[in-house]
Peer 1: 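Pasting a structure here, questions to come.
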Amino acid sequence: MEEFVYYNNLYDLYGELLTDKQRAYFEDYYFHNLSFAEMAENYEVSRNAVFKQLHNTIDKLNEYESKLGLFVKKKRIIEIVDKISDLEIKKEILEVL
C-alpha cells in the first residue's frame with residue numbers, strides 16, 4: 001500500500017513529464033485498477049508489453065525523484081509546517097504545496 005501511495009505522489013509531481021502512453025498505462029493500472037490482462041486487451045498488446053511499459057514508467061518516476069527530489073522536499077516542508085501554530089500561515093503554505 002505504501003508503494004501505491006508513493007507512486008501516486010510521484011505521478012502527481014512528475015506526471016506531466018511522462019509521455020501520453022506512459023500516463024495512460026499508469027492511470028489505467030494505478031487509478032482505474034485494471035489488470036495487465038485487461039490493459040493488454042484494451043491496448044491490443046501482450047501482458048508482457050504492459051508490464052514493461054509500467055516498469056519503464058516507474059523507473060522514469062524514480063529517476064525524476066532521484067534527480068529533483070521534489071517528493072522528499074515536499075514531505076520535509078509539510079513536517080516543518082506541522083510545527084507552525086499560526087493556522088492562517090499554515091493554511092497558506094499548504095495551499096502552495
Side-chain angles (χ1 to χ4, degrees):
M1 184 60 151
E2 281 184 38
E3 183 178 305
F4 179 83
V5 172
Y6 177 71
Y7 287 120
N8 275 291
N9 280 307
L10 291 188
Y11 183 81
D12 287 344
L13 292 168
Y14 306 116
E16 291 298 317
L17 300 174
L18 299 172
T19 66
D20 291 339
K21 185 176 181 179
Q22 289 170 327
R23 282 195 303 271
Y25 277 61
F26 185 93
E27 290 174 10
D28 280 349
Y29 186 73
Y30 284 93
F31 298 161
H32 304 271
N33 203 28
L34 296 182
S35 68
F36 289 168
E38 292 169 318
M39 292 171 63
E41 185 177 322
N42 290 347
Y43 293 109
E44 298 179 349
V45 297
S46 68
R47 288 186 305 174
N48 191 46
V50 171
F51 174 81
K52 284 182 181 180
Q53 186 62 243
L54 279 170
H55 183 73
N56 290 340
T57 301
I58 293 300
D59 284 349
K60 195 54 96 172
L61 291 172
N62 284 323
E63 179 184 345
Y64 292 141
E65 178 58 19
S66 72
K67 289 181 179 179
L68 300 172
L70 296 179
F71 178 73
V72 171
K73 291 173 186 171
K74 182 178 178 180
K75 189 175 173 183
R76 180 68 182 126
I77 290 169
I78 290 171
E79 289 170 1
I80 293 168
V81 168
D82 283 343
K83 296 176 184 177
I84 297 173
S85 59
D86 186 322
L87 295 178
E88 188 64 31
I89 293 173
K90 192 177 202 175
K91 180 182 172 189
E92 287 183 42
I93 294 171
L94 292 174
E95 285 176 3
V96 171
L97 294 175

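We count residues from 1, following the sequence as given.
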Peer 1: For side chain to side chain contact (heavy atoms under 4.5 Å, CB included), just list the numbers for Asn8 and Tyr30, CA-CA rounded to whole Å, side-chain angles, deciding distance to a tenth of an Å, and then say yes or no.
Peer 2: CA-CA 8 Å; Asn8 275 291; Tyr30 284 93; 4.2 Å; yes
Peer 1: At their closest point, which heavy atom of Met39 faces which heavy atom of Tyr25, and how far apart are they?
Peer 2: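 The answer is CE-O, 3.4 Å.
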Peer 1: Just say parallel, tilted or perpendicular for the rings of Phe51 and Phe36, cut-offs at 30° and 60°.
Peer 2: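 Rings of Phe51 and Phe36: perpendicular, as their planes differ by over 60°.
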Peer 1: Taking ring pair (Phe, Tyr, Trp, His ring centres under 6.0 Å) as the test, write out the residues that go with Phe31, two or more places apart.
Peer 2: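 Partners of Phe31 by the ring pair (Phe, Tyr, Trp, His ring centres under 6.0 Å) criterion, ordered by chain and then number, come out as Tyr11, Phe26.
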Peer 1: Roughly how far apart are Asn9 CG and Tyr14 OH, rounded to 0.5 Å?
Peer 2: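 Answer for the CG-OH pair, Asn9 versus Tyr14, is 10.5 Å.
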Peer 1: Scan for salt bridge (charged side-chain N to carboxylate O under 4.0 Å, His left out) pairs involving residues 20-41, sequence neighbours excluded, and state none if there are none.
Peer 2: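 Salt bridge (charged side-chain N to carboxylate O under 4.0 Å, His left out) check on residues 20-41 returns Asp20-Arg23.
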Peer 1: Suppose we screen for salt bridge (Lys or Arg N to Asp or Glu O under 4.0 Å). Which residues come up paired with Lys67, at least two apart in sequence or across chains?
Peer 2: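 Scan of Lys67 (salt bridge (Lys or Arg N to Asp or Glu O under 4.0 Å), adjacent residues dropped) gives Glu63.
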Peer 1: Give a yes or no on this: more than 12 heavy atoms of other residues, nucleotides or ligands lie within 6.0 Å of atom CD of Glu95.
Peer 2: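 Counting other residues, nucleotides and ligands, CD of Glu95 exceeds 12 neighbours.
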Peer 1: Kindly list each side-chain donor-acceptor pair under 3.5 angstrom involving residues 69-78, sequence neighbours excluded, with atom names and distances?
Peer 2:
unit_1 : atom_1 : unit_2 : atom_2 : d
Lys73  : NZ     : Leu68  : O      : 3.3
Arg76  : NH1    : Glu79  : OE1    : 3.4

Peer 1: With sequence neighbours left out, write down each residue that passes ring pair (Phe, Tyr, Trp, His ring centres under 6.0 Å) with Tyr7, or none if nothing qualifies.
Peer 2: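 Applying ring pair (Phe, Tyr, Trp, His ring centres under 6.0 Å) to Tyr7 gives none.
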Peer 1: What pairs of residues pass the ring-ring contact (aromatic ring centres under 6.0 Å, His included) test when at least one of them lies in residues 75-97, not counting sequence neighbours?
Peer 2: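 Pairs touching residues 75-97 that pass the test: none.
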Peer 1: How many angstroms lie between CG in Leu18 and CG in Asn56, if you round to the nearest 0.5 Å?
Peer 2: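 With rounding to 0.5 Å, CG (Leu18) is 11.0 Å from CG (Asn56).
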Peer 1: For the atom pair CG (Asp82) and CD1 (Ile93), what is the distance rounded to the nearest 0.5 Å?
Peer 2: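 The CG atom of Asp82 sits 10.5 Å away from the CD1 atom of Ile93.
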Peer 1: If you count heavy atoms of other groups shown closer than 6.0 angstrom to CG of Asn33, is the number above 12?
Peer 2: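 No, the 6.0 Å shell around CG holds no more than 12 heavy atoms from other groups.
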Peer 1: Would you compute the distance between atom NE2 of His32 and atom CG of Asn42 and round it to the nearest 0.5 angstrom?
Peer 2: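 Interatomic distance, His32 NE2 to Asn42 CG, rounded to 0.5 Å: 10.5 Å.
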Peer 1: Check Tyr6 against Glu65 and note the closest heavy-atom contact, atom names and distance.
Peer 2: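 Shortest heavy-atom separation between Tyr6 and Glu65 comes out as OH-CG, 3.7 Å.
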Peer 1: As an exercise, state the distance from CD of Gln22 to CG of Leu17, rounded to the nearest 0.5 Å.
Peer 2: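 Between atom CD of Gln22 and atom CG of Leu17 there are 10.0 Å.
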Peer 1: Given the rule that I, L, V, M, F, W and Y join up when any side-chain heavy atoms are under 4.5 Å apart, are Leu87 and Ile80 in one cluster?
Peer 2: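 No; tracing contacts between hydrophobic side chains, which count when under 4.5 Å, never links both residues.
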